[in-house]
Amino acid sequence: MRSEYDAAKIEAAAQVQAGAYGWLVMWRQWRRCFTAWECRDPQQVRIIEAPTVAELCDRMQEVELELWQASPSLPASWSLPCDLPLRSAR
């Protein structure tokens, strides 16, 4: 059962990663959480952890908003695919 559970979490992380330009997203089995690294500025990498995809997406969007507020002339770079049916990963 654990391998099926982790497979669903890994797939959920991959789906978020697919729609998140500038981020590295993964399920960290040993920590039992999702982790996302915002990697566009190597001098200031932001790291976010959350137990669910929904919480991870919310936190990633908060970082994106902060980045946009710091440089409002930049267009929004991506939108998270959080409307995907990820019930097994939540």
Side-chain angles (χ1 to χ4, degrees):
M1 172 146 163
R2 185 172 288 270
S3 63
E4 291 175 12
Y5 173 81
D6 286 330
K9 299 282 189 171
I10 291 167
E11 177 60 29
Q15 290 178 353
V16 173
Q17 170 74 58
Y21 171 79
W23 289 84
L24 171 64
V25 180
M26 64 185 346
W27 166 249
R28 293 174 53 184
Q29 180 178 1
W30 60 94
R31 290 188 50 93
R32 312 303 304 159
C33 69
F34 292 94
T35 304
W37 292 264
E38 193 281 319
C39 303
R40 284 171 278 189
D41 180 359
Q43 300 296 320
Q44 191 175 20
V45 174
R46 292 161 184 84
I47 302 170
I48 299 169
E49 291 185 334
T52 67
V53 168
E55 288 179 56
L56 185 75
C57 289
D58 288 345
R59 292 179 185 168
M60 289 171 71
Q61 288 175 338
E62 289 170 6
V63 168
E64 286 291 322
L65 180 59
E66 290 171 12
L67 292 171
W68 180 80
Q69 288 173 336
S71 299
S73 62
L74 297 176
S77 58
W78 58 273
S79 61
L80 291 172
C82 291
D83 294 333
L84 297 174
L86 301 173
R87 299 202 193 293
S88 61
R90 292 180 188 203

Item to complete: Evaluate the side chain to side chain contact (heavy atoms under 4.5 Å, CB included) criterion for residues Phe34 and Lys9: first the C-alpha distance (whole Å), next the side-chain angles of each, then the deciding distance (0.1 Å), finally the verdict.
Response: CA-CA 8 Å; Phe34 292 94; Lys9 299 282 189 171; 3.5 Å; yes
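- Distance check: Glu64 CD to Gln69 CD gives 11.5 Å after rounding to the nearest 0.5 Å.
- Using a 4.0 Å cut-off between charged nitrogen and carboxylate oxygen, Arg32 and Asp6 count as a salt-bridge pair.
- To the nearest 0.5 Å, the span separating CD on Glu55 from OG1 on Thr52 amounts to 3.5 Å.
- Here the straight-line distance linking atom SG of Cys33 with atom CD1 of Ile48 works out to 12.0 Å at 0.5 Å rounding.
- Residue Leu67 holds its CG atom at 12.0 Å from CD of Glu62, rounded to the nearest 0.5 Å.
- Atoms CZ and CZ, on Arg40 and Arg46 in that order, are 8.5 Å from each other to the nearest 0.5 Å.
- Pairing each heavy atom of Met60 with each of Ala36, the nearest pair is SD-CB, 3.9 Å.
- Hydrophobic clustering of Ile, Leu, Val, Met, Phe, Trp and Tyr side chains at less than 4.5 Å, counting indirect connections, unites Ile10 with Val53.
- Proximity of a side-chain donor or acceptor of Gln17 to a complementary backbone N or O of Trp23 within less than 3.5 Å is detected.
- Two different hydrophobic clusters hold Leu24 and Trp27 under the rule that ILVMFWY side chains link at heavy-atom gaps under 4.5 Å.
- Clustering ILVMFWY residues whenever any of their side-chain heavy atoms sit less than 4.5 angstrom apart, transitively, puts Met26 in the very cluster that holds Val45.
- Between the CD atom in Glu49 and the CG atom in Leu56 there is a gap of 9.5 Å [rounded to 0.5 Å].
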